[in-house]
Enquirer: 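One structure is given below, represented as structure tokens, and several questions about it will come after.
For the numbers below, each heavy atom of this structure counts, side chains included, while hydrogens, waters and symmetry mates do not.
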Amino acid sequence: MSGAPQPVERRVRVNGIELAFFEWGSEFQGRSAPVLFAHATGFHARVWDRAIALLGDRHVLALDQRGHGRSEKVEISDWSVFGRDLTAFVRELDLHDVIGVGHSMGGYALTEAAAALPDRFQRLLLMDPVIQAPDVYGAHNAYTDAFGDIDHPTARRKNHFASSEAMFERFKGRAPYSIFAPDVLCDYCQYGLLPDPETEGFVLACPPRIEASVYMSSRISSEVYESVRAIRVPVLLLRAKLTPPDRNLMDFSYSPTWPGLVDEFADAREHHLADRTHFFPLESPELVAEFVLNDSTPTDTETGPKG
């Protein structure tokens with residue numbers, strides 16, 4: 001797949017909802033293991049374009065998870081729904097020998113799907129998955145404790161833009177978007193907007209109220225550890241820089257992954273990218289591609305000890 005080919009946009013209906021997904025290299029189906037990408041909260045399938053362009057001739061799929069991108073818009077009350085969607089998606093497309101690649105919330109969803117479909121996945125690459133310590137699930141939600149009954153601050157994000165170019169200009173100097181690879185930020189803006197149904201211009205493809213609902217429901221489903229412990233395929237876990245005790249809840253640059261997570265999997269290895277932010281897949285698409293292709297530590301990657 002040289003020359004950054006454009007994917008085919010498709011639709012599938014699972015669990016009573018229509019999901020959009022994008023497919024590259026369908027002609028290679030059956031000739032190599034399919035690679036399935038799952039994005040983070042507030043993003044969409046096309047943020048993977050630059051990494052996918054580096055994967056060569058292979059079958060690749062990237063899903064717009066419910067509420068995001070071109071998929072149907074519904075608020076989220078329990079993260080397990082993302083896992084159920086991915087499970088149904090893999091079944092519906094009859095995918096086998098899947099290499100699952102998930103970032104943040106997408107890593108959580110792939111963990112649940114791989115546990116539900118033990119014979120469908122070859123291996124997992126989980127990049128800073130939002131899987132926290134077991135004892136936080138079912139506890140008070142940190143966001144609810146911080147903000148009370150008011151909306152999560154993301155619910156008040158700017159939602160209307162004149163164009164993707166205007167969105168790019170607004171975001172390019174603001175954290176965390178300022179650290180994204182410029183081409184990735186361009187893709188995030190270009191494909192992260194939909195026509196405003198009420199007036200001229202565009203609105204976010206992940207509406208602020210839906211993004212807020214994802215954050216507010218992040219600690220509800222405690223069953224994720226049942227999934228973690230059920231997985232038997234190899235897992236490569238990448239963790240970004242550690243979260244300091246005084247972290248601002250709205251600073252998403254630190255790793256949300258429990259440092260002890262690697263030991264809960266039956267067959268997992270970990271690389272602690274101690275100097276990278278949680279957004280490293282969007283900062284370095286070439287790093288994502290290298291991990292997907294080599295399943296090992298790239299020679300120019302700094303890793304640190306667990307901790």
Side-chain angles (χ1 to χ4, degrees), residues 4-26 34-53 55 59-93 95 98-113 127 129-130 154 157 159 161 164 167 180 184-197 202-215 217 279 281-282 285 288:
Q6 291 299 301
V8 175
E9 181 178 346
R10 299 176 59 188
R11 296 283 193 279
V12 64
R13 190 164 188 85
V14 299
N15 297 332
I17 191 170
E18 185 178 78
L19 300 178
F21 69 98
F22 298 84
E23 184 174 28
W24 292 256
S26 59
V35 184
L36 173 59
F37 284 86
H39 62 77
T41 299
F43 292 92
H44 52 74
R46 301 301 299 274
V47 297
W48 300 111
D49 278 26
R50 306 297 165 163
I52 291 170
L55 296 183
H59 186 210
V60 182
L61 306 106
L63 179 69
D64 276 338
Q65 300 195 70
R66 66 167 58 204
H68 295 71
R70 270 68 182 160
S71 289
E72 193 171 330
K73 305 298 181 257
V74 289
E75 293 189 25
I76 307 302
S77 60
D78 183 336
W79 276 31
S80 63
V81 71
F82 293 120
R84 292 196 297 271
D85 285 347
L86 270 175
T87 299
F89 177 80
V90 170
R91 283 192 178 122
E92 183 69 21
L93 271 66
L95 300 176
V98 176
I99 298 172
V101 183
H103 175 215
S104 195
M105 176 269 286
Y108 181 109
L110 273 171
T111 297
E112 294 209 327
M127 296 178 288
V130 183
T154 55
R157 286 186 66 183
N159 189 39
F161 295 88
S164 61
M167 182 177 175
F180 292 9
V184 174
L185 179 58
C186 182
D187 291 338
Y188 167 61
C189 296
Q190 180 177 351
Y191 302 109
L193 294 174
L194 295 171
D196 190 327
F202 300 86
V203 292
L204 293 173
C206 179
R209 63 181 175 79
I210 289 179
E211 184 175 0
S213 76
V214 178
Y215 287 116
S217 59
F279 299 100
L282 308 175
V288 175

Enquirer: Please tell me if the side chains of P34 and I99 come closer than 4.5 Å, counting only heavy atoms from C-beta onward.
Expert: no

Enquirer: Working to the nearest 0.5 angstrom, can you tell me the gap between L86 CG and L36 CG?
Expert: 6.0 Å

Enquirer: Could you report the tightest heavy-atom contact between Q65 and G106, atom names first, then the distance?
Expert: NE2-CA, 3.7 Å

Enquirer: Please check if the side chain of S71 supplies one atom and the backbone of G67 the other of a donor-acceptor pair under 3.5 Å.
Expert: no

Enquirer: A113 and T87: which non-hydrogen atoms are nearest, and at how many Å?
Expert: CA-OG1, 3.2 Å

Enquirer: Is R157 salt-bridged to E211, going by a charged N under 4.0 Å from an acidic O?
Expert: yes

Enquirer: Let me see the working for H59 and E23 under side-chain hydrogen bond (donor to acceptor under 3.5 Å, both in side chains), right down to the final yes or no.
Expert: CA-CA 7 Å; H59 186 210; E23 184 174 28; 2.6 Å; yes

Enquirer: What heavy-atom pair brings R70 and D64 nearest, and what distance separates the two atoms?
Expert: N-OD2, 2.8 Å

Enquirer: Does the side chain of V98 reach to within under 4.5 Å of the side chain of L95, using non-hydrogen atoms?
Expert: yes

Enquirer: I need the W79 CH2 to Y215 OH distance, nearest 0.5 Å.
Expert: 8.0 Å

Enquirer: Determine whether a donor-acceptor pair (N or O, by modelled atom type, separation under 3.5 Å) exists between the side chain of R50 and the backbone of A53.
Expert: no

Enquirer: Looking at CZ of R66 and CG of L19, how far apart are the two atoms once the value is rounded to the nearest 0.5 Å?
Expert: 7.0 Å

Enquirer: For the residue pair E18 and V12, establish whether any side-chain heavy-atom pair is separated by less than 4.5 Å.
Expert: no

Enquirer: Answer whether the closest heavy-atom distance between the side chains of L55 and W24 falls below 4.5 Å.
Expert: no

Enquirer: Please check: side-chain N/O of K73 versus main-chain N/O of A205, any donor-acceptor pairing under 3.5 Å?
Expert: yes

Enquirer: At what distance, to the nearest 0.5 angstrom, does CD of Q190 lie from CZ of F202?
Expert: 10.5 Å

Enquirer: Passes side-chain contact (heavy atoms from CB on, under 4.5 Å), S217 versus I76? Steps please.
Expert: CA-CA 7 Å; S217 59; I76 307 302; 3.7 Å; yes

Enquirer: Looking only at heavy atoms, what is the nearest atom pair of V130 and Y108, with distance?
Expert: O-CD1, 3.2 Å

Enquirer: What's the shortest heavy-atom distance between H39 and L63, and which atoms?
Expert: CD2-O, 3.1 Å

Enquirer: Answer whether the closest heavy-atom distance between the side chains of F37 and V60 falls below 4.5 Å.
Expert: yes

Enquirer: Does a salt bridge link E9 with R11, judged by any charged N lying under 4.0 Å from a carboxylate O?
Expert: yes

Enquirer: Is the shortest side-chain N to carboxylate O distance from R46 to D187 below 4.0 Å?
Expert: no

Enquirer: Quick check for you: to the nearest 0.5 Å, what is the distance between F82 atom CZ and L110 atom CG?
Expert: 12.5 Å

Enquirer: Given V8 and R10, is the side-chain contact (heavy atoms from CB on, under 4.5 Å) satisfied, shown in steps?
Expert: CA-CA 6 Å; V8 175; R10 299 176 59 188; 3.9 Å; yes

Enquirer: Do the rings of F43 and Y188 sit parallel, tilted or perpendicular, given the 30° and 60° boundaries?
Expert: tilted

Enquirer: Among side-chain atoms of S80 and R84, is any donor-acceptor pair under 3.5 angstrom?
Expert: yes

Enquirer: For the residue pair P281 and W48, establish whether any side-chain heavy-atom pair is separated by less than 4.5 Å.
Expert: yes

Enquirer: Check the pair Y191 / D49 against side-chain contact (heavy atoms from CB on, under 4.5 Å), numbers first and verdict last.
Expert: CA-CA 11 Å; Y191 302 109; D49 278 26; 4.2 Å; yes

Enquirer: Any side-chain heavy atom of F161 sitting closer than 4.5 Å to one from L204?
Expert: yes

Enquirer: How many angstroms lie between CE in M167 and CG in L193, if you round to the nearest 0.5 Å?
Expert: 5.0 Å

Enquirer: Might you point out which heavy atoms bring P208 and N159 nearest each other, and give the distance in Å?
Expert: CD-OD1, 3.3 Å

Enquirer: Could you go through the side-chain contact (heavy atoms from CB on, under 4.5 Å) check for V35 and V101 one step at a time?
Expert: CA-CA 7 Å; V35 184; V101 183; 3.8 Å; yes

